[in-house]
Amino acid sequence: GKPLSEVGTQINIYKHLIIGFLLLMDGNILAKIPLRLKQIAAVFAYECAYSIFTIYYSYNNWGEHHDGIIYKVLDWRRKPWIAAGEVFLLACVATPLIFGICWLISLWSFQCNWCCCDLSGRRRR
């Protein structure tokens with residue numbers, strides 16, 4: 001069999017990358033749900049709440065086998081500056097970048113809803 005760490009990595013890739021891609025496809029191509037720039041406020045609120053949760057989790061020793069660590073990079077007790085830097089980079093760089101890409105895809109999919117052709121390829125009048 002495969003080592004447990006390799007299986008865990010494959011599960012993480014599935015949970016984060018593949019499901020994220022499927023949600024993006026579903027929301028933008030199939031359902032054509034519009035994404036607005038003001039909705040990034042909800043993403044930032046979630047990030048703040050999750051960051052506070054990870055700090056609380058770390059300092060209260062939750063989790064039997066994890067020593068209070070959800071992700072190795074978010075070790076608030078032993079490496080608080082690295083954890084804070086990671087949270088800052090995710091909130092101020094990665095989130096706006098990923099949200100901007102999703103927003104542009106949303107604009108594209110919304111425009112395709114109003115284009116001159118229907119799904120069969122025939123021109124609309």
Side-chain angles (χ1 to χ4, degrees):
K2 294 181 181 180
L4 189 57
S5 62
E6 187 177 328
V7 172
T9 301
Q10 291 171 350
I11 291 170
N12 268 337
I13 289 173
Y14 173 74
K15 285 194 311 191
H16 293 91
L17 183 67
I18 295 174
I19 290 176
F21 179 74
L22 291 173
L23 286 172
L24 204 81
M25 295 286 292
D26 179 45
N28 287 309
I29 295 174
L30 299 176
K32 298 191 185 210
I33 299 170
L35 186 64
R36 305 290 183 239
L37 282 177
K38 65 183 177 182
Q39 292 170 324
I40 199 168
V43 176
F44 282 133
Y46 178 78
E47 285 179 342
C48 289
Y50 190 73
S51 297
I52 291 168
F53 168 76
T54 60
I55 294 169
Y56 189 78
Y57 186 95
S58 178
Y59 282 102
N60 287 304
N61 274 339
W62 288 353
E64 295 175 25
H65 308 289
H66 303 293
D67 194 28
I69 300 171
I70 298 173
Y71 297 105
K72 289 180 184 177
V73 75
L74 289 178
D75 189 353
W76 290 100
R77 284 187 293 160
R78 293 182 195 96
K79 300 175 185 175
W81 291 107
I82 292 176
E86 290 290 330
V87 168
F88 177 80
L89 285 174
L90 284 172
C92 296
V93 177
T95 297
L97 181 68
I98 293 168
F99 192 89
I101 291 168
C102 292
W103 177 68
L104 289 172
I105 292 171
S106 174
L107 287 177
W108 172 77
S109 69
F110 187 70
Q111 291 293 329
C112 286
N113 196 24
W114 300 101
C115 72
C116 61
C117 300
D118 62 13
L119 292 177
S120 68
R122 296 178 297 207
R123 287 188 64 82
R124 291 184 188 171
R125 293 183 181 200

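Computation of the quantities below employed the complete heavy-atom set of this structure, encompassing side-chain atoms and omitting hydrogens, waters and symmetry-equivalent molecules.
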Undergrad: With sequence neighbours left out, what residues match Tyr56 under ring pair (Phe, Tyr, Trp, His ring centres under 6.0 Å)?
TA: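 Once residues adjacent in sequence are excluded, the partners of Tyr56 under the ring pair (Phe, Tyr, Trp, His ring centres under 6.0 Å) criterion are Trp62.
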Undergrad: Other members of the hydrophobic cluster containing Val93, with the 4.5 Å side-chain heavy-atom rule, please.
TA: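 Leu89, listed by chain and number.
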Undergrad: Supply the atom-to-atom distance Lys72 NZ to Lys79 NZ, rounded to the nearest 0.5 angstrom.
TA: 10.0 Å
Undergrad: Check for me, please, whether Val73 and Phe53 land in the same ILVMFWY cluster - side-chain distances under 4.5 Å, paths through other members count.
TA: yes
Undergrad: For Leu37, which residues count as a side-chain contact (heavy atoms from CB on, under 4.5 Å) partner, sequence neighbours excluded?
TA: Phe99, Trp103
Undergrad: Is it the case that more than 12 heavy atoms not belonging to Phe88 sit under 6.0 Å from its CZ atom?
TA: no
Undergrad: Would you call Ile70 and Tyr50 a side-chain contact if the rule is heavy atoms closer than 4.5 Å?
TA: yes
Undergrad: I'd like to check the side chain to side chain donor-acceptor pair (under 3.5 Å) partners of Glu47; sequence neighbours left out, ordered by chain and number.
TA: Thr95
Undergrad: Do Tyr71 and Tyr59 sit in one hydrophobic cluster, given that two such residues count as connected whenever their side-chain heavy atoms are within less than 4.5 Å of each other, even indirectly?
TA: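 In one cluster with Tyr71: Tyr59, yes.
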Undergrad: When hydrophobic residues are tied together by side-chain contacts of less than 4.5 Å, even through go-betweens, does Tyr46 share a cluster with Leu90?
TA: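 Shared cluster, no.
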Undergrad: Under the side-chain contact (heavy atoms from CB on, under 4.5 Å) rule, collect the residues that match up with Ile18, sequence neighbours excluded.
TA: Tyr14, Leu22
Undergrad: Going by side chain to side chain donor-acceptor pair (under 3.5 Å), name the residues that satisfy it together with Ser51, two or more places apart in sequence or in a different chain.
TA: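 Scan of Ser51 (side chain to side chain donor-acceptor pair (under 3.5 Å), adjacent residues dropped) gives none.
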Undergrad: On a heavy-atom basis, which atom in Ile40 and which in Pro96 lie closest, and how many Å separate them?
TA: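 Heavy atoms of Ile40 and Pro96 come nearest at CD1-CA, 4.2 Å.
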